[in-house]
Amino acid sequence: MSGTHEFHQRVISDAGAAVRGLTVALGERLGLYRALAEDGPLTAAGLAVRTGIAERYAQEWLHAQLSAGYVERHPSADTYTLPADHVPVLADPDAVTFAAGFFTALKALYATEDLLVDAYRSGDGVGWAEHDPALDTGMGSFFQPTYQHRLVPDWLPALHGVTGKLHAGGAVADVGCGVGHTTLLIARAFPEATVHGFDYSEEAISIARQLAEDAGLGDRVVFDVAAADDYPGSGYDLVTFFNALHDMGDPVAAAQHVHKSLDAEGTWMLVESNVSPADIDTQTPAARMFMALSAVMCLPVAVAQRGPHALGNHSGEQAFRAIAQEAGFTRWRRATETPVNAVYEVRP
């Protein structure tokens, strides 16, 4: 088999994955995976009744899932099952491995194709607000399972003295909070703390406020529209950035504002993608995901802010540490990590 043929088959496989992503988004939005997990095995007719969709579409969707190896078919009964090992990935939003939510962001990303063509030619950017709101909810869903399982039990305790301050009523600023998943996790875990969430996306803040109300935390969490370099308040015991610094056009200015807003003994928790320029050639699943997202989302968002930097999401620890040092921070430590995220403790 020639190298050209092998590569052609790989590209065809990637093309299939790109289209399959839309079927995953449909499965997530329509509750198809959850129905199979809870009530399977199901026939196409049974899935249609269970989820309120047309039977013909249910059949076609199941065929797409079967061809991808996402579901299994039992020919004698013409029923379909979501294998137990696939449930935590596709049907359980509380599982750390849940990934189906990401695919609901695809419509926002693909819809910017024309804008990206223009941006690539002109050197301009594509701002976050130019995307469909599905980008806020889809990306939030992608990162939320990791945050839910790691933030309170692992990441915050890995920082020196932080959890004690929060239990005693410390002040927190969650900057670039998006729809507020991390903000609400902190508020729920530390009821004595004062927690603020800031993001420059009005749409994201609107969603965050509603999520806070739905969670019964609307009276304890304040969400406001603000940029990373001018959010209000001072004397914070903890400032958090979750996968946000690399999206900023002037990360140095953002870091300087963090330094200014922190208490003298406060901590900046910087969570970033656990990839670096050295990973460009590795072709690991995480690297492939982050490199692609950087080319169509992270870099264009940073460029749109017309700042002095446009980092991309794989600029790596050395670049982030240099930014912190330029902003006046003197202490830097990689506190903990996962295959996807690196958690840095940065202190004045």
Side-chain angles (χ1 to χ4, degrees), residues 125-131 133 135-137 139-140 143-144 147 151 162 166 170-188 190 193-213 215 217-263 266-272 297-298 300-311 313 320 323-324 326-329 344 346 348:
V126 179
W128 193 273
E130 296 181 80
H131 294 82
L135 190 63
D136 286 309
T137 54
M139 295 307 297
F143 287 112
Q144 194 269 342
Y147 297 155
L151 174 57
V162 166
L166 299 187
V172 182
D174 187 12
V175 181
C177 66
V179 297
H181 289 310
T182 49
T183 327
L184 297 178
L185 284 170
I186 294 170
R188 188 177 291 109
F190 302 97
T194 301
V195 184
H196 302 264
F198 302 109
D199 199 281
Y200 81 151
S201 169
E202 293 184 10
E203 183 69 32
I205 289 298
S206 177
I207 296 170
R209 287 170 175 163
Q210 186 59 54
L211 290 176
E213 290 296 329
L217 297 172
D219 61 335
R220 293 206 292 109
V221 184
V222 177
F223 286 105
D224 283 312
V225 177
D229 58 0
D230 70 354
Y231 60 87
S234 61
Y236 289 110
D237 296 290
L238 176 68
V239 174
T240 58
F241 278 47
F242 292 93
N243 291 287
L245 187 68
H246 66 256
D247 288 331
M248 297 175 185
D250 195 345
V252 174
Q256 289 171 334
H257 192 68
V258 174
H259 191 280
K260 178 183 175 182
S261 71
L262 272 175
D263 179 80
T267 300
W268 179 21
M269 182 169 77
L270 177 62
V271 179
E272 277 292 340
M297 183 184 72
C298 303
V301 164
V303 171
Q305 297 168 54
R306 301 185 182 281
H309 293 277
L311 294 174
N313 65 21
F320 295 129
I323 287 168
E326 186 175 347
F329 288 93
Y344 305 110
V346 193

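In this text the structure is predicted, and so the values were computed from the model without any measurement.
Gly125 approaches Glu130 most closely through the heavy-atom pair O-OE2, 4.2 Å. Closest approach of Ala187 to Val221, counting heavy atoms only: CB-CG2, 3.3 Å. For the residue pair Ile205 and Cys177, the shortest heavy atom distance occurs at CD1-SG, 3.9 Å. Here the closest heavy-atom approach between residue Ala215 and residue Arg188 is recorded as CB-NH2, 3.5 Å. Between Glu272 and Ala244 the shortest heavy-atom distance is OE2-N, 3.8 Å.
The side chain to side chain contact (heavy atoms under 4.5 Å, CB included) test with Phe241 is passed by exactly one of Val346, Val258, Val271: Val258. The side chain to side chain contact (heavy atoms under 4.5 Å, CB included) test with Ser201 is passed by exactly one of Asp136, Val225, Ile207: Asp136.
Counting only distance, with no hydrogens or angles, the side chain of Gln305 and the backbone of Ala310 share no donor-acceptor pair below 3.5 Å. Remark: side-chain polar atoms of Asp174 are not paired, donor with acceptor, to backbone N or O of Gly197 under 3.5 angstrom. Looking at His259, its side chain does come within 3.5 Å of a backbone N or O of Gly328 through a donor-acceptor pair.
Screening residues 218-235 for salt bridge (Lys or Arg N to Asp or Glu O under 4.0 Å) gives Arg209-Asp224 as the qualifying pairs, with residues at least two apart or on separate chains.
Counting only heavy atoms from C-beta outward, the side chains of Met139 and Val179 never approach each other to under 4.5 Å. Between Trp268 and Val175, every side-chain heavy-atom pair lies at or beyond the 4.5 Å cut-off. Within the 4.5 Å cutoff, no side-chain heavy atoms of Thr240 are placed close to those of Thr182. Two residues are said to be in side-chain contact when any heavy atoms from C-beta on lie closer than 4.5 Å; Met269 and Leu151 meet this criterion. Between Leu311 and Cys298, the closest side-chain pair of non-hydrogen atoms is not below 4.5 Å.
Interatomic distance, OG1 of Thr183 versus CZ of Phe223, reported as 4.0 Å (0.5 Å rounding). The line from CD of Gln256 to CD of Glu326 is 6.5 Å long, rounded to the nearest 0.5 Å. The distance from atom CZ of Phe329 to atom CG of Leu262, rounded to the nearest 0.5 Å, is 5.5 Å. If you take CD on Gln144 and CG on Leu184, they are separated by 10.0 Å, rounding to the nearest 0.5 Å. From Asn313, atom CG reaches atom CG of Leu245 across 12.0 Å, with rounding to the nearest 0.5 Å. To the nearest 0.5 Å, atoms CD1 (Ile323) and CG (Asp250) are separated by 9.0 Å.
Between Phe198 and Tyr236, the ring planes lie perpendicular to each other; the angle is over 60°, past the 30° to 60° tilted range.
The aromatic ring centroids of His257 and Tyr231 lie less than 6.0 Å from each other. Checked against the 6.0 Å centroid threshold, Tyr147 and Phe242 count as a close aromatic pair.
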